[in-house]
Structures are given as C-alpha cells and as structure tokens.
Amino acid sequence: MSSQDRLTRAYQQAKRIQFTNSDKFILFSDCHRGDSSFADDFANNRNIYFHAVNYYFNYGYQYIELGDGDELWENLFFKDIFEANKNVYLLLQKIFNAGKLHMIYGNHDMVYRNPNVTKKLLSEYFDPKEGKNVPLFPGIQFHEGIVLENTETKQELFLTHGHQADFMNYVGWKINRFLVRVLWKPLQVWGIKDPTSPAKNYVELIKVERRIKKWIADNGNKITITGHTHRPRFPKPQDNALNYFNDGSCVHPRSITGIEIENGTIALIKWYIDTKEDGVLQIVKEYLEGPVDLSLYQSQ
C-alpha cells in the first residue's frame, strides 16, 4: 500500500466530529511525554505545556492530540511516563471526563491503535493514597484520523499524524522502535541525532511533506492538518496554495506550538517562557500566524 493509499484510508475511516463556528479546539501533537530521563525531550517544556492545556480547559476548548503524545519507543513502561507526568495526565483526565478529549495515534504511540493495549495501559492507574487502582481514561479510543465537519459552512478539516507518508515510521515502525531503544536513545546524551526521525533529518522531512502535499492536491485541496515532522506549517489563503497545515510539536527548544480553531478562524500559536522587566518569569502565548477566517481556504 502506497503512502497515498494509507492517507486515503485514514481519511475514509476517520472519526467524524461535527462543530459550529462557536466551538473551540486546540490541536497539539508530538509531545513525546517521557520518563524525565536525560533522553526526555518533553521534560523541559512540561510546565509550559501544563499551563497552556490548563488555560484551554478553563476556557472550554476541545483538546485534539495529533499523535506521538506518549514516547513509547524510548520507554518500555507507560507507568514510568505516567509517574513523571502525573499532573499532566490528571489534567487530561478532566478534559476526558468533560467529553472534550480526542486522540490520534502516531508512530511513537502506534500501539494505541490496539484497543486492548489502550485498555490495559490507560483505563486506570494505582493511587497510593487509596491503595488501589482508580479510573484514568476508561473507554478511551485512539483514531488514525479525525475529520472536523462544520455544520454551518459544510467545510471539512482532515486531521492525522502524517506518518502515513513515511514508510519506515508506518510500515516499519517496529524496526525503528527497536533502533531507537537500543541505539539512538543512549547516543542522545552525546548529542547524536536520531536519523529515523524526519524531525531531525531534513531530507526525510521534505520527502514526507511532499507526499502529504501530493495527497492534498489529488484530493481537491482538502484542508489537512498533521504533525510528525515537528515543523509548523501555515499556508496563506491564496490561489494555488495547498491547504497543508502542521501544528509543530511540544518539544521545540523552550517552547511549544499548536493550532487553535475558534470563531470560524484558524491560527498557529506558540507558548513560551518570557521575562518581565522586573525579572519575573511568565508563560505567554504568541500568535505566529493568523487568526485567519477558515472560509478563505477553499477546497475543490
């Protein structure tokens, strides 16, 4: 099966969510939540991420994670990731209980496509205060794709991780997982980059983006939002532009990026730590692109 067929299948089998211009969504991906070890890229941005997600929860946003939320290549046991990020998971639990948590799996958490695995790992956790297992995300489902359907404008937004356009990270993901665990994770401490990741291999990144853009062009310039490459993309709404968006990642140096959808608009945002004149640190949000009216992005 080609990358084009894999993307088509993800679109055809996607979970569909209807929304109106009054609904609000925040899209994050590639958090790579880890165990706080030297190889954990998420650890440096944990507080930024927690503050941002808490903000969106308090303001009634729906949270959509476009894959690679948990780093299950470098880490053998989810319980180690949970203990290192317990406050994050308990916050996501609040969003889940409110019915506003939507999850897509990527190559680093590909095991979540198996409902038995998600049930085993995510349905409950051990609470030392109560001395027993308590619910975490009972009945949670992960999807390969999500399609947002605007009931007012009839516009569709296709959301997926994007690893469908990357043969070794989709078909050969178990081989890459083995290489990461055995070889590249220990070498990270020496500053050696993992060549299996398109985020750290520019040549592979360009190839992945080219394949995704081809699929978009061949499918009526459908609005498509991915992660995987860690490179934010936000097209201008103009003639002949492909409607390809990328929300970036939550493991940028000292910042996280995401995509907001609200009031019928779309925007690329960044959260980072800034310093006031008096030296007090604060976490702030910056608009990198937009907001732009979604209706300006026309599909054929």
Side-chain angles (χ1 to χ4, degrees), residues 1-20 23 25-30 62-69 101-115 118 140-173 198 205 207-235 237 240-249 258-259 261 264 266 268 294-300:
M1 182 180 290
S2 69
S3 61
Q4 305 305 294
D5 292 335
R6 291 192 291 269
L7 286 164
T8 297
R9 183 180 62 183
Y11 168 73
Q12 293 175 342
Q13 298 180 356
K15 173 185 178 181
R16 292 185 172 263
I17 300 173
Q18 294 187 334
F19 75 105
T20 67
D23 291 313
F25 297 89
I26 176 62
L27 280 56
F28 283 131
S29 75
D30 298 274
Q62 298 194 55
Y63 179 97
I64 303 180
E65 194 164 271
L66 305 186
D68 283 4
L101 184 72
H102 312 283
M103 307 296 273
I104 291 173
Y105 61 79
N107 50 301
H108 281 254
D109 51 12
M110 193 83 135
V111 293
Y112 288 155
R113 66 180 176 178
N114 184 335
T118 57
I140 192 170
Q141 295 181 342
F142 280 71
H143 307 274
E144 187 170 0
I146 290 175
V147 174
L148 299 181
E149 301 176 326
N150 192 315
T151 58
E152 297 177 3
T153 66
K154 308 306 178 184
Q155 197 172 39
E156 284 189 352
L157 287 72
F158 172 44
L159 320 179
T160 192
H161 183 59
H163 63 310
Q164 294 87 351
D166 187 342
F167 179 84
M168 284 304 298
N169 279 310
Y170 190 92
V171 178
W173 68 275
L205 182 153
K207 290 180 180 178
V208 168
E209 288 190 347
R210 186 184 300 124
R211 293 171 191 138
I212 294 174
K213 289 178 179 179
K214 182 181 186 305
W215 184 87
I216 295 172
D218 291 345
N219 287 270
N221 202 14
K222 190 179 300 295
I223 297 175
T224 302
I225 307 174
T226 73
H228 189 53
T229 66
H230 295 199
R231 181 162 81 153
R233 307 293 287 170
F234 195 93
N240 301 320
L242 288 174
N243 295 330
Y244 170 52
F245 296 80
N246 191 302
D247 64 359
S249 81
I259 286 179
I261 298 171
I266 187 168
L268 177 67
L294 270 169
S295 65
L296 297 177
Y297 295 95
Q298 297 296 322
S299 299
Q300 299 171 1

Quiz item: Does the pair Asp68 and Asp109 meet the rule for a side-chain contact (heavy atoms from CB on, under 4.5 Å), with working shown?
Solution: CA-CA 5 Å; Asp68 283 4; Asp109 51 12; 3.9 Å; yes
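- Between Ile261 and Leu157, the closest side-chain pair of non-hydrogen atoms falls below 4.5 Å.
- Here OG of Ser3 is found 12.0 Å from NZ of Lys207. Values are rounded to the nearest 0.5 Å.
- Here Gln12 pairs with Thr8 under the side chain to side chain contact (heavy atoms under 4.5 Å, CB included) rule; sequence neighbours left out.
- At a threshold of 4.5 Å between non-hydrogen side-chain atoms, the residues Ile64 and Leu148 count as touching.
- Put simply, the side chain of Thr226 does not reach to within 4.5 Å of the side chain of Arg233, judged on heavy atoms.
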Practice problem: Please assess Leu7 against Gln164 for the test side-chain contact (heavy atoms from CB on, under 4.5 Å), listing each intermediate value before the final yes or no. | Solution: CA-CA 6 Å; Leu7 286 164; Gln164 294 87 351; 3.8 Å; yes
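- Minimum heavy-atom separation, Leu27 to Leu159: CD2-CD2, 3.9 Å.
- Of all the heavy atoms in Leu268 and Pro232, the pair that sits closest is CD2-CB, 3.8 Å.
- Here the closest non-hydrogen pair linking Ser29 and Gly248 is OG-O, 3.5 Å.
- Ring geometry for Phe25 against Phe19 counts as perpendicular: the plane angle is over 60°, on a 0 to 90° scale with 30° as the lower cut.
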Quiz item: After noting the C-alpha distance and the side-chain angles of Arg231 and Glu209, does the key distance pass the side-chain contact (heavy atoms from CB on, under 4.5 Å) rule?
Solution: CA-CA 10 Å; Arg231 181 162 81 153; Glu209 288 190 347; 2.5 Å; yes
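- In this structure, the ring of Tyr112 has its center less than 6.0 angstrom from the ring center of Phe142.
- Taking a cutoff of 4.0 Å between a charged side-chain nitrogen and a carboxylate oxygen, Arg16 and Glu156 qualify as a salt bridge.
- Two residues are said to be in side-chain contact when any heavy atoms from C-beta on lie closer than 4.5 Å; Arg211 and Gln4 meet this criterion.
- Every residue two or more places apart in sequence or in another chain that forms a ring pair (Phe, Tyr, Trp, His ring centres under 6.0 Å) with Tyr11 is listed here: Phe158.
- Note that OG1 of Thr224 and CD1 of Ile212 are 8.5 Å apart. Values are rounded to the nearest 0.5 Å.
- Side-chain contact check for Ile266 versus Ile223: every heavy-atom pair is 4.5 Å or farther apart.
- Taking the ring pair (Phe, Tyr, Trp, His ring centres under 6.0 Å) definition, one finds that Phe245 meets it with Phe234, Tyr297, sequence neighbours left out.
- Side chains of Leu294 and Thr153 form no contact here, defined as non-hydrogen atoms less than 4.5 Å apart.
- Two residues are said to be in side-chain contact when any heavy atoms from C-beta on lie closer than 4.5 Å; His143 and His102 fail this criterion.
- Pairing each heavy atom of Leu242 with each of Pro235, the nearest pair is O-CB, 3.4 Å.
- In this structure, Glu152 and Asn150 approach most closely via the heavy-atom pair N-OD1, 2.8 Å.
- Side-chain contact check for His230 and Asp30: at least one donor-acceptor pair (N or O, by modelled atom type) lies under 3.5 Å.
- Within the 3.5 Å criterion, the main-chain N or O of Ala241 finds a donor-acceptor partner in the side chain of Asn221.
- Thr118 is not listed as a side-chain neighbour of Tyr105, based on a closest heavy-atom distance of 4.5 Å or more.
- Pairing each heavy atom of Ser299 with each of Asn243, the nearest pair is OG-ND2, 4.2 Å.
- Ile26 CD1 to Glu65 CD: the interatomic distance, rounded to the nearest 0.5 Å, is 11.0 Å.
- A donor atom on one side chain and an acceptor atom on the other are found under 3.5 Å apart for His228 and His161.
- Put simply, OG1 on Thr151 and CG on Asp23 are 8.0 Å apart, with the number rounded to the nearest 0.5 Å.
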Quiz prompt | Asn107 vs Asp166, side-chain contact (heavy atoms from CB on, under 4.5 Å): CA-CA, chis, key distance, verdict | solution = CA-CA 10 Å; Asn107 50 301; Asp166 187 342; over 6 Å; no
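- Dense packing is recorded around CD of Glu149, with more than 12 heavy atoms of other residues, nucleotides or ligands lying under 6.0 Å away.
- Atom CG of Asn169 is separated from atom CE of Met110 by 9.0 Å, given to the nearest 0.5 angstrom.
- Taking the six-membered ring where tryptophan is involved, the planes of Tyr63 and Phe28 are tilted, since the angle between them lies from 30° to 60°.
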